[in-house]
Q: 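Okay, handing you the structure first.
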Amino acid sequence: MKAIITPKYYFEPSLYTEEQNKIFSTTWMFVGFTNDLANPNDFLTVEIAGIPVAVQNLKGEIKAFKNVCSHRFSIIHTEKSGNRPFVCPYHGWAYNEEGIPTGIPKKPYFEFSDEDLKCLRLEQYQLETCGTLIFIKIKPDEVSLRQYLASYYPLLEEMSNAFGELVDVNEMLIGANWKVVVENTLESYHVNLIHKDSFRKLGTSGLNFEFIDRHSAWNTGLKFEEEDSAVKAIHKPYKERPFVMRGYKHMIVFPNVLISSTYGISFNLSVVTPVDENTSLFRSYVFITKKDSGKEKGALEEAYENSLKDFNRTVFAEDKFICEKVQQGVKYTSYNGELSEEETRVCKFQESYKALMS
């Protein structure tokens with residue numbers, strides 16, 4: 001198969017700007033977990049398509065607003081996350097659950113009418129959840145999150161509801177276009193060389209792909225089944241878990257969310273955020289499954305969770321290295337790229353990308 005995305009799409013600034021408008025502004029984007037916004041005034045901040053966004057629990061409801069004060073344009077929440085009222089740090093304008101400035105120091109000096117205050121409402125964005133996952137959309141339309149995720153909605157709902165303890169958060173800048181990083185995760189062709197001492201040892205193989213609209217998944221067996229003595233003892237504490245599956249599953253929620261699980265015991269959710277045409281921010285969350293909360297964690301579980309953390313960090317460091325080499329090379333090639341059957345998910349990703357960019 002010939003690659004559909006040609007090399008210039010990986011480094012030209014004008015195409016980077018175009019995809020921010022046509023892809024990241026128009027599709028549902030993952031921004032965080034409901035568990036992190038469980039309490040009133042819990043908040044997190046993200047940047048979607050270059051726009052600063054605050055996602056906050058306001059009187060028990062999670063909402064998303066442009067994170068820019070309508071008075072003198074300061075960023076309102078300056079931290080990545082926290083708990084405090086939705087108040088601008090510059091002059092103290094406070095916003096209510098509708099994004100309207102209702103607490104204004106020295107308010108009589110402005111002589112605002114109620115209608116004036118409504119006109120100063122912060123821009124609000126569509127927000128929906130699937131299980132514990134929060135998504136927002138910058139440009140409103142009638143496509144709900146459930147419609148966007150299609151038949152993956154109930155699966156992601158069940159999987160995310162099974163997320164237990166957060167074992168690790170790994171964040172790193174990668175000197176590569178976001179599509180280089182995403183496409184790298186969609187094929188296992190590189191595993192034998194890049195991950196010969198890490199991921200390859202899992203024994204994944206095969207072409208068992210599934211495609212749902214713009215999204216896709218890869219299902220594969222592993223070297224050891226749960227019944228094998230080599231893993232039976234390790235998995236014993238997780239025997240009664242809410243989400244059970246065989247082997248390994250890797251999914252993409254187009255365009256930039258990657259979710260995987262091994263046996264339904266460990267979960268990884270990674271987000272690849274474009275920084276510029278040559279740089280991506282990679283953030284990875286590793287969870288262990290929920291289990292009987294009445295049982296204390298044993299030494300074997302501690303060791304297993306530490307091994308998960310080390311394994312994921314090793315694999316992603318190896319991916320970072322090779323993605324940065326691809327970014328260096330793609331500017332100098334005279335070819336458009338070739339894809340094998342093992343890279344069919346890359347081809348489908350590129351089809352979806354080009355359809356939105358056309």
Side-chain angles (χ1 to χ4, degrees), residues 33 35 131-133 152 155-172 184-188 190-210 217-252 257-271 282-320:
F33 303 95
N35 297 340
T132 64
L133 312 179
Y152 279 163
L155 176 61
L156 288 171
E157 185 177 40
E158 185 180 7
M159 289 177 75
S160 65
N161 283 332
F163 291 178
E165 183 182 350
L166 179 62
V167 176
D168 190 33
V169 179
N170 181 19
E171 183 175 297
M172 57 185 174
N184 175 68
T185 74
L186 300 181
E187 50 91 357
S188 59
H190 68 282
V191 168
N192 281 351
L193 288 179
I194 302 302
H195 305 300
K196 61 181 183 298
D197 296 319
S198 56
F199 194 87
R200 190 180 72 159
K201 293 182 176 179
L202 294 180
T204 58
S205 64
L207 306 176
N208 185 9
F209 304 136
E210 58 187 34
W218 176 45
N219 301 292
T220 172
L222 295 168
K223 184 177 181 180
F224 298 108
E225 294 291 342
E226 279 213 272
E227 298 77 15
D228 293 339
S229 57
V231 297
K232 201 170 183 177
I234 298 172
H235 288 184
K236 186 178 179 182
Y238 314 109
K239 191 175 180 181
E240 302 298 326
R241 57 187 187 272
F243 180 76
V244 180
M245 54 169 274
R246 300 184 74 86
Y248 175 81
K249 187 180 193 72
H250 181 277
M251 308 169 64
I252 177 173
V257 181
L258 309 155
I259 303 171
S260 62
S261 180
T262 305
Y263 305 112
I265 292 177
S266 63
F267 300 90
N268 181 280
L269 187 149
S270 300
V271 186
F282 178 85
R283 183 178 293 128
S284 168
Y285 306 86
V286 178
F287 295 91
I288 200 77
T289 179
K290 286 180 179 173
K291 62 185 186 68
D292 186 349
S293 58
K295 296 180 181 177
E296 290 187 10
K297 188 186 298 183
L300 193 58
E301 290 170 78
E302 291 275 8
Y304 180 63
E305 291 174 11
N306 287 333
S307 71
L308 276 178
K309 178 179 175 180
D310 293 342
F311 177 83
N312 278 278
R313 288 195 171 229
T314 298
V315 170
F316 293 137
E318 292 165 347
D319 284 329
K320 177 181 188 296

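All values reported here derive from a predicted model rather than from experimental measurement. Counting begins at 1 with the first residue of the sequence. The analysis underlying the following values was restricted to heavy atoms, covering all of them including side chains, and did not include hydrogens, waters or symmetry mates.
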Q: Quick one: does any side-chain atom of Ser188 pair with a main-chain N or O of Val191 as donor and acceptor, under 3.5 Å?
A: no
Q: Donor-acceptor check, side chain of Ser261 to backbone of Ser266, threshold 3.5 angstrom: yes or no?
A: yes
Q: Could you walk me through whether His190 and Asp319 pass the side chain to side chain contact (heavy atoms under 4.5 Å, CB included) test, one step at a time?
A: CA-CA 10 Å; His190 68 282; Asp319 284 329; 3.5 Å; yes
Q: What's the verdict on side chain to side chain contact (heavy atoms under 4.5 Å, CB included) for Met159 and Phe287, showing C-alpha distance, side-chain angles and the deciding distance?
A: CA-CA 11 Å; Met159 289 177 75; Phe287 295 91; over 6 Å; no
Q: In terms of side-chain geometry, is the basic nitrogen of Glu318 or Lys196 positioned less than 4.0 Å from the acidic oxygen of its partner?
A: no
Q: What pairs with Glu225 under salt bridge (Lys or Arg N to Asp or Glu O under 4.0 Å), at least two apart in sequence or on another chain?
A: Arg246
Q: Can you confirm whether Tyr304 sits close enough to Ile265 that some side-chain heavy atom of one is under 4.5 Å from a side-chain heavy atom of the other?
A: yes
Q: Less than 4.5 Å apart, side chain to side chain, heavy atoms only: is that true for Phe243 and Lys290?
A: no
Q: Is the closest side-chain heavy-atom distance between Phe282 and Lys320 below 4.5 Å?
A: no
Q: Determine, stepwise, if the pair Arg313 / Met172 fulfils side chain to side chain contact (heavy atoms under 4.5 Å, CB included).
A: CA-CA 10 Å; Arg313 288 195 171 229; Met172 57 185 174; over 6 Å; no
Q: Return the orientation label for the Tyr248 and Trp218 ring planes: parallel under 30°, perpendicular over 60°, tilted otherwise.
A: perpendicular
Q: Please report the closest heavy-atom contact between Ala217 and Met251, naming both atoms and the distance.
A: CB-CG, 3.9 Å
Q: Can you list every pair that meets salt bridge (Lys or Arg N to Asp or Glu O under 4.0 Å) and has a residue in residues 229-244, with sequence neighbours left out?
A: Glu226-Arg241
Q: Specify the closest pair of heavy atoms between Ser198 and Thr314, including all atoms of both residues, with the distance to one decimal.
A: CB-CG2, 4.2 Å
Q: So do the side chains of Asn170 and Asn312 get within less than 4.5 Å of each other, counting heavy atoms only?
A: no
Q: Do Tyr238 and Ile288 have side chains that get closer than 4.5 Å, going by heavy atoms?
A: yes
Q: With heavy-atom distances below 4.5 Å as the criterion, would you say the side chains of Leu133 and Leu269 are in contact?
A: yes
Q: Do Glu305 side-chain atoms and Glu302 backbone N/O form a donor-acceptor pair below 3.5 Å?
A: no
Q: Is it true that Tyr285 and Phe33 have ring centroids separated by less than 6.0 Å?
A: yes
Q: Find the distance between CG (Asp168) and CG (Asn306) and round it off to the nearest 0.5 Å.
A: 9.5 Å
Q: Taking C-beta and beyond as the side chain, do Leu202 and Phe199 meet within less than 4.5 Å on heavy atoms?
A: yes
Q: So, taking the atom named CG in Leu193 and the one named CZ in Arg200, what distance separates them when rounded to the nearest 0.5 Å?
A: 8.5 Å
Q: Between CD of Glu165 and CD of Glu301, what distance do you get to the nearest 0.5 Å?
A: 9.5 Å
Q: Hey, are Ser284 and Asn268 close enough side-chain-wise for a donor-acceptor pair under 3.5 Å?
A: yes
Q: Please name the pair of heavy atoms, one in Asn161 and one in Gly131, separated by the smallest distance, quoted to 0.1 Å.
A: OD1-CA, 3.6 Å
Q: For Lys249 and Leu155, what are the C-alpha separation, side-chain angles and deciding distance, and is it a side chain to side chain contact (heavy atoms under 4.5 Å, CB included)?
A: CA-CA 12 Å; Lys249 187 180 193 72; Leu155 176 61; 3.5 Å; yes
Q: Would you indicate whether the side-chain heavy atoms of Lys201 and His195 approach each other to under 4.5 Å?
A: no
Q: Working to the nearest 0.5 angstrom, can you tell me the gap between Thr262 OG1 and Phe224 CZ?
A: 14.0 Å
Q: Over all heavy atoms of both residues, which pair between Thr220 and Thr204 is shortest? Give the atoms and the distance, please.
A: OG1-CA, 3.5 Å
Q: Nearest 0.5 Å please: distance from the OG1 atom of Thr132 over to the CD atom of Glu157.
A: 10.0 Å
